[in-house]
Student: 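My structure is below; once you've seen it, I'll send some questions.
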There are 2 protein chains.
Amino acid sequence: MFELRLVQGSLLKKVLESIKDLVNDANFDCSATGFSLQAMDSSHVALVALLLRSEGFEHYRCDRNISMGMNLGNMAKMLKCAGNDDIVTIKADDGSDCVTFMFESPTQDKISDFEMKLMDIDSEHLGIPESEYDAIVRMPSSEFARICKDLSSIGDTVVISVTKEGVKFSTRGDIGTANIVCRQNTSVDKPEDATIIEMKEMVSLTFALRYMNSFAKATPLASQVTISLSSELPVVVEYKIAEMGYVRFYLAPKIEEEEADPYVETKSKAQGKPTAETKPKLEIKPDVEMKPEVDSNMDNEVVEIKPELESKMEPEEESKTDLDIKPKKEANGEVQVMDVE
Amino acid sequence: MFELRLVQGSLLKKVLESIKDLVNDANFDCSATGFSLQAMDSSHVALVALLLRSEGFEHYRCDRNISMGMNLGNMAKMLKCAGNDDIVTIKADDGSDCVTFMFESPTQDKISDFEMKLMDIDSEHLGIPESEYDAIVRMPSSEFARICKDLSSIGDTVVISVTKEGVKFSTRGDIGTANIVCRQNTSVDKPEDATIIEMKEMVSLTFALRYMNSFAKATPLASQVTISLSSELPVVVEYKIAEMGYVRFYLAPKIEEEEADPYVETKSKAQGKPTAETKPKLEIKPDVEMKPEVDSNMDNEVVEIKPELESKMEPEEESKTDLDIKPKKEANGEVQVMDVE
DNA sequence: CTCCGCGATC
DNA sequence: GATCGCGGAG
């Protein structure tokens, strides 16, 4: 049987709020290590990786590794029924096709239990290696969220450029252009207000703001966000979860370079390369139909949506393994009981 | 002429917000006793009873009993124009087909008056006797509202079960099941946080969450709600209005019992009884077309909506008068002037 | 943290 | 029009 107990139940609520719009169904992997999840977003352009280490729970018991397939929307609905300072228990009996969520109010006067059917979801366990990045930006998560929201009222994509001095977020749209520069700033009263740039190489990459805004839903989880960029790799947007783990979002960059006119640039490439050859690397299952985002704004014809299909996600051989999909079988049948009460 | 003046005008705003979604048009009855209203909801399944006693007003004058037919949506619109700490005056001249709402800002710097046409609404005055109930639950109104809202994200109906230990709210839906238990708790810091169960008989009744959520709109009126349950009677959900009276909502239970499978249960009954024989007791006017709720969720076919029509609202002879509709003529032509300034 | 009022959305 | 989500205040 599997059982975890988390006094700060609001954490789970926030985690689900942050990922449920990106991923519909996913397997939660329960092992001695902890409670984790890895899943592609429904259009197979972004990837979410969640880890909640077993040590972070007040009680954690996992008799054998199990994978619980859940509809994240439904799971989020149920967790919403927990008060923000309720204690949350998640329980699944071996062989049962149900999971139970239990919420205890701090005073124990109100005790709720919710039962949800598990689903059978076939998804391989992805191995995501830690990589070296050209630049790592740490900044207040609320500031990052604000920037993504502001820019998305101007354009659809953001160019993130990192120099020694700071990080620049740029966009352009029908109504004009926008550039927001955040300078490195470590001399702040509170450490969570700091903006820190670690840079090996200058880097400038383009991403769909739609996804960035989706990632920013994790803002309540952490006061700081870490953005890791390399020209050959998907960006990683990470929110640390205090004492427990993280939520990481991976997104393949679009091909446009910062200074080039994206429309012209894209159009020529779109004509030159057939779509079939340019599927982004983040695509796992070729049999699953691709759903390119169709912008409601069709002013710029089809070139507006092509970039998503042509993401620069075909690294040369040596870095090819970076987001390779290698099913990772963890030691199964292992028994672990932890009780930190 | 009729005139009332209420310093705490926000009370009236809240009252109208709480009932305007349930009842479109209704007669306000103005008498020496006070300002009151009784009306069925538009689908004739629920009933609202409002009483604001004359003693609660700063000024109350009622020369003769009158009945003012108003569209509650429009009345709510006008009251929304009052500031939350405005003093509200409602005035109607004899023989006039208009009512005037006057709002004075606390500083007297802004004085508004709104005039609204009265309507002719034919509805008998219902006599609703006080009954004995198997169980009476008092609990924080906000908690009740939260429970109804949470459960309605899972299912459409709630089973309310009362035992000596507490009250249980349960539902089930496509995505799973939910049970919320609130224990009796009288040892609280503030009396408005108490949950008190008065029980003669265990009782378990099923109601449409849609109505419960509508009733819960009255939450701002009172910190506590009283839920009175008997197996043969409509539930009463009461919000006391400080020093003045109450808003009470009556709702006929659905026929399903707690442990039975509601769908099967209902289906057999639905087949056994023709609709014409099973109109709920709360129906006043047979000539008014019944509008059963049509759930968007049609998975369970027509049985899903039948229960509302078959509500257990046919008490045996001795209790038959309980929600009987007896036109209650109060002494008319009586003159009363009260001035409590 | 909860309540309240506001703006945006469907 | 109703709901939800956001931001500000107690």
Side-chain angles (χ1 to χ4, degrees), chain A residues 7-14 16-22 73 76-77 79-88 103-107 109-110 140-150 152-153 210 213-221 223 296-297, chain B residues 8-11 13-14 16-25 41-43 71-86 105 139-154 156 188-190 192-193 209-225 239 293 295-296:
Chain A
V7 169
Q8 198 186 347
S10 60
L11 260 187
L12 276 170
K13 295 180 65 168
K14 289 176 194 163
L16 264 108
E17 286 307 305
S18 77
I19 63 178
K20 73 167 207 288
D21 292 333
L22 211 53
K77 268 189 190 171
L79 287 171
K80 264 193 189 158
C81 300
N84 271 333
D85 39 13
D86 280 4
I87 299 166
V88 171
F103 311 137
E104 304 164 57
S105 71
T107 58
D109 288 335
K110 179 176 160 191
S141 59
S142 57
E143 197 168 324
F144 175 68
R146 175 68 196 261
I147 289 167
C148 293
K149 178 171 147 278
D150 285 350
S152 60
S153 72
R210 175 170 163 268
N213 275 311
S214 189
F215 302 165
K217 297 221 166 82
T219 302
L221 281 169
S223 58
S296 55
N297 174 353
Chain B
Q8 199 186 347
S10 60
L11 260 187
K13 294 180 66 168
K14 289 176 193 163
L16 264 108
E17 286 306 306
S18 78
I19 62 178
K20 73 167 207 294
D21 293 331
L22 210 53
V23 179
N24 296 324
D25 306 309
D41 85 291
S42 30
S43 54
N71 175 293
L72 300 189
N74 294 340
M75 183 178 175
K77 271 187 193 170
M78 294 199 164
L79 287 170
K80 266 192 186 159
C81 301
N84 271 333
D85 39 13
D86 280 5
S105 71
M139 63 189 293
S141 58
S142 57
E143 197 167 327
F144 175 69
R146 172 72 195 261
I147 289 167
C148 292
K149 178 174 145 278
D150 282 350
L151 290 188
S152 59
S153 74
I154 310 290
D156 297 325
V188 286
D189 293 345
K190 290 166 284 182
E192 60 262 38
D193 291 337
L209 277 166
R210 177 173 161 265
Y211 285 99
M212 288 294 169
N213 275 312
S214 189
F215 302 166
K217 298 220 166 84
T219 303
L221 282 168
S223 58
Q224 287 241 321
V225 63
Y239 297 84
E293 316 166 67
D295 291 350
S296 56

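Below, chain A is the first sequence line, B the second, and so on; all start at residue 1. Heavy-atom basis, side chains included; hydrogens, waters and symmetry copies ignored.
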Student: Compile the donor-acceptor pairs under 3.5 Å between side chains in residues 147-154 of chain B and protein atoms, sequence neighbours left out, one pair per line.
Tutor:
unit_1	atom_1	unit_2	atom_2	d
B:D150	OD1	B:R146	NE	3.2
B:D150	OD2	B:R146	NE	2.9
B:S152	OG	B:C148	O	3.1
B:S152	OG	B:K149	O	2.8
B:S152	OG	B:N213	ND2	3.1
B:S153	OG	B:D150	O	2.7

Student: May I have the distance from A:D85 (atom CG) to C:dT2 (atom C1'), rounded to whole angstrom?
Tutor: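 It is 10 Å, rounded to the nearest whole Å.
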Student: For A:K20, what residues pass the side chain to side chain donor-acceptor pair (under 3.5 Å) criterion, not counting sequence neighbours?
Tutor: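 Expected list: A:E17.
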Student: Please name all residues satisfying side chain to side chain donor-acceptor pair (under 3.5 Å) with B:D41, sequence neighbours left out, ordered by chain then number.
Tutor: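 Scan of B:D41 (side chain to side chain donor-acceptor pair (under 3.5 Å), adjacent residues dropped) gives B:S43, B:Y211.
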Student: Excluding sequence neighbours, so at least two apart, what forms salt bridge (charged side-chain N to carboxylate O under 4.0 Å, His left out) with B:E143?
Tutor: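 Result, salt bridge (charged side-chain N to carboxylate O under 4.0 Å, His left out) vs B:E143: none returned.
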Student: A:K149 near the nucleic acid: base, sugar-phosphate alone, or nothing, with a heavy-atom cut-off under 4.0 Å?
Tutor: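 Nothing: the residue A:K149, judged by heavy atoms under 4.0 Å, touches no strand.
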Student: Tell me what B:K77 touches on the nucleic acid: a base, only sugar-phosphate, or nothing, going by heavy atoms under 4.0 Å.
Tutor: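 The residue B:K77 makes sugar-phosphate contact but no base contact.
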Student: Using the side chain to side chain donor-acceptor pair (under 3.5 Å) criterion, which residues pair with A:N84? Sequence neighbours excluded.
Tutor: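 Side chain to side chain donor-acceptor pair (under 3.5 Å) list for A:N84, sorted by chain: A:K13.
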Student: When the distance from NZ of A:K14 to P of C:dC1 is rounded to whole Å, what number comes out?
Tutor: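 In whole Å, C:dC1 P and A:K14 NZ are 7 Å from each other.
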Student: Find the distance A:Q8:CD to C:dC1:P and express it as a whole number of Å.
Tutor: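 My rounded result for the distance is 8 Å.
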Student: With sequence neighbours left out, write down each residue that passes side chain to side chain donor-acceptor pair (under 3.5 Å) with A:Q8, or none if nothing qualifies.
Tutor: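 A:Q8 satisfies side chain to side chain donor-acceptor pair (under 3.5 Å) with no residue once adjacent residues are dropped.
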Student: Test side chain to side chain contact (heavy atoms under 4.5 Å, CB included) on A:V7 and A:I87; report intermediate values, then the result.
Tutor: CA-CA 4 Å; A:V7 169; A:I87 299 166; 4.3 Å; yes
Student: Which string of ( ) [ ] | and . matches DNA chain C, if you list each base 5' to 3' and count Watson-Crick or G-U pairs only when both distances are under 3.5 Å?
Tutor: ||||||||||
Student: Nearest whole angstrom, please: distance from the P of C:dC1 to the CG of A:N84.
Tutor: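 Taking CG of A:N84 and P of C:dC1, I get 6 Å after rounding.
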Student: Tell me, please, the opening and closing nucleotides of DNA chain D, 5' to 3', among those with an atom under 4.0 angstrom from a non-hydrogen atom of chain B.
Tutor: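 In short, chain B contacts DNA chain D from D:dG1 to D:dT3.
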Student: Return the set of residues passing salt bridge (charged side-chain N to carboxylate O under 4.0 Å, His left out) with A:D21 (not counting sequence neighbours), or none when no residue passes.
Tutor: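 Partners of A:D21 by the salt bridge (charged side-chain N to carboxylate O under 4.0 Å, His left out) criterion, ordered by chain and then number, come out as A:K217.
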